[in-house]
Amino acid sequence: MSTPRHTLNELLVGLFQFILYIEERNIRSKGIDLSMNDVHILENISKASDNSMSHIAARMMVTQGTMSTNISRLIKKGYVVKYRDDADKRVQRLINTNKAKPVLEIHEEFHKNMIDKVIKDMGLEENELLNESLERILAYFREQYSDVELTRNEEKEKQK
């Protein structure tokens, strides 16, 4: 018999893996030459209130070095442009090119269809308990991440 701990672990890990696999298969079938990580970077650039490289890295929970490597690859492929902030030359800003727009449209359509199908097939729209539980799980992870980010920032300050 499965314990709630085991079941929750299987659900979270399994959902994460399935969604990434299906997303990747979907973009490949559309002829897109990007990884899911690349697509998610483009998505974060398009949705961020602050398009600085450091902000995008924080949103994606990666180091600025990792983000810089990924952005360089996206620049070479023609999906992103990097430029210096006019007011503060130390800040590097990112903007998606027109080449990124169809990729983002395909990605957004995939998510819309996935959610519509899950809601329809499983009758989840009126399931308030499930929705509340999922919102609590998301809030938990957001809280845990903010603690990690605070610790990361404190470590940076100590190194100065």
Side-chain angles (χ1 to χ4, degrees), residues 1-82 93-149 152:
M1 183 168 168
S2 275
T3 65
R5 174 184 299 271
H6 175 78
T7 301
L8 183 58
N9 182 62
E10 292 295 311
L11 285 170
L12 292 175
V13 171
L15 283 170
F16 178 75
Q17 290 174 337
F18 273 114
I19 291 170
L20 282 180
Y21 173 77
I22 294 166
E23 275 184 312
E24 184 109 26
R25 194 175 68 188
N26 179 64
I27 64 165
R28 294 277 179 240
S29 73
K30 309 282 190 210
I32 297 171
D33 65 340
L34 298 174
S35 69
M36 280 316 305
N37 186 56
D38 291 338
V39 173
H40 289 144
I41 291 170
L42 297 176
E43 180 182 38
N44 273 280
I45 291 170
S46 72
K47 291 182 176 181
S49 58
D50 175 352
N51 68 340
S52 68
M53 180 112 72
S54 60
H55 182 76
I56 303 299
R59 278 179 59 103
M60 296 199 64
M61 298 179 250
V62 298
T63 66
Q64 288 188 46
T66 297
M67 182 58 60
S68 183
T69 300
N70 290 322
I71 291 299
S72 293
R73 188 174 53 253
L74 287 168
I75 289 170
K76 285 179 187 170
K77 289 183 176 186
Y79 289 97
V80 173
V81 173
K82 180 169 58 172
R93 299 209 171 270
L94 305 169
I95 189 166
N96 290 330
T97 65
N98 287 335
K99 188 175 180 180
K101 288 179 183 174
V103 173
L104 293 169
E105 289 169 3
I106 289 167
H107 184 64
E108 188 173 317
E109 183 70 17
F110 167 80
H111 277 274
K112 179 189 174 306
N113 290 338
M114 176 181 65
I115 297 303
D116 288 350
K117 187 163 177 48
V118 168
I119 287 172
K120 180 181 173 233
D121 290 355
M122 299 182 75
L124 298 179
E125 196 159 22
E126 282 91 39
N127 193 328
E128 289 182 35
L129 178 60
L130 176 63
N131 288 331
E132 289 172 12
S133 297
L134 292 172
E135 286 174 6
R136 284 198 307 268
I137 290 170
L138 180 60
Y140 167 80
F141 283 112
R142 281 189 175 136
E143 179 182 308
Q144 291 300 309
Y145 171 69
S146 70
D147 290 348
V148 169
E149 188 61 26
R152 191 181 293 167

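Everything numeric here is computed off the predicted structure, so don't read it as measured data.
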Can you measure from [atom1] ([X]) to [atom2] ([Y]) and round to the nearest 0.5 angstrom?
{"X": "E143", "Y": "R136", "atom1": "CD", "atom2": "CZ", "result": "13.5 Å"}
{"X": "I22", "Y": "Q17", "atom1": "CD1", "atom2": "CD", "result": "11.5 Å"}
{"X": "I137", "Y": "E132", "atom1": "CD1", "atom2": "CD", "result": "12.5 Å"}
{"X": "E43", "Y": "D38", "atom1": "CD", "atom2": "CG", "result": "12.5 Å"}
{"X": "M53", "Y": "K82", "atom1": "CE", "atom2": "NZ", "result": "4.0 Å"}

query = What pairs meet the ring pair (Phe, Tyr, Trp, His ring centres under 6.0 Å) rule with one or both residues in residues 109-142, with sequence neighbours excluded?
reply =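 For residues 109-142: H107-H111.
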For [X] versus [Y], what's the shortest heavy-atom pair and its separation?
{"X": "L34", "Y": "R28", "answer": "O-NH1, 3.2 Å"}
{"X": "R93", "Y": "S52", "answer": "NH1-N, 3.4 Å"}
{"X": "N70", "Y": "R73", "answer": "OD1-NH2, 2.7 Å"}
{"X": "N44", "Y": "R59", "answer": "OD1-NE, 2.9 Å"}
{"X": "K99", "Y": "G78", "answer": "CB-O, 3.6 Å"}

remark   = Test side-chain contact (heavy atoms from CB on, under 4.5 Å), reference L94, set I45, V81, L74, output is I45
request  = With the side chain counted from C-beta on, respond yes when E23 and I27 share a heavy-atom pair under 4.5 Å apart, and no when they do not.
outcome  =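 No. Closest side-chain heavy atoms not under 4.5 Å.
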request  = For residues I41 and M67, determine if any side-chain heavy atom of one lies less than 4.5 Å from a side-chain heavy atom of the other.
outcome  = yes
ask   = Under the ring-ring contact (aromatic ring centres under 6.0 Å, His included) test, which residues partner H55, sequence neighbours left out?
value = none
Residues which pass side chain to side chain contact (heavy atoms under 4.5 Å, CB included) with N113, listed by chain and number, not counting sequence neighbours = E109
Hey, does the side chain of [X] reach the backbone of [Y] with a donor-acceptor pair shorter than 3.5 angstrom?
{"X": "N96", "Y": "L42", "answer": "yes"}
{"X": "K77", "Y": "D33", "answer": "yes"}
{"X": "S133", "Y": "L129", "answer": "yes"}

query = Is any side-chain N of the basic residue among K112 and D116 closer than 4.0 Å to the acidic one's carboxylate O?
reply = yes
key: Distance-only polar pair, side chains of S35 and N37, donor-acceptor under 3.5 Å   =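 Distance-only check fails for S35 and N37.
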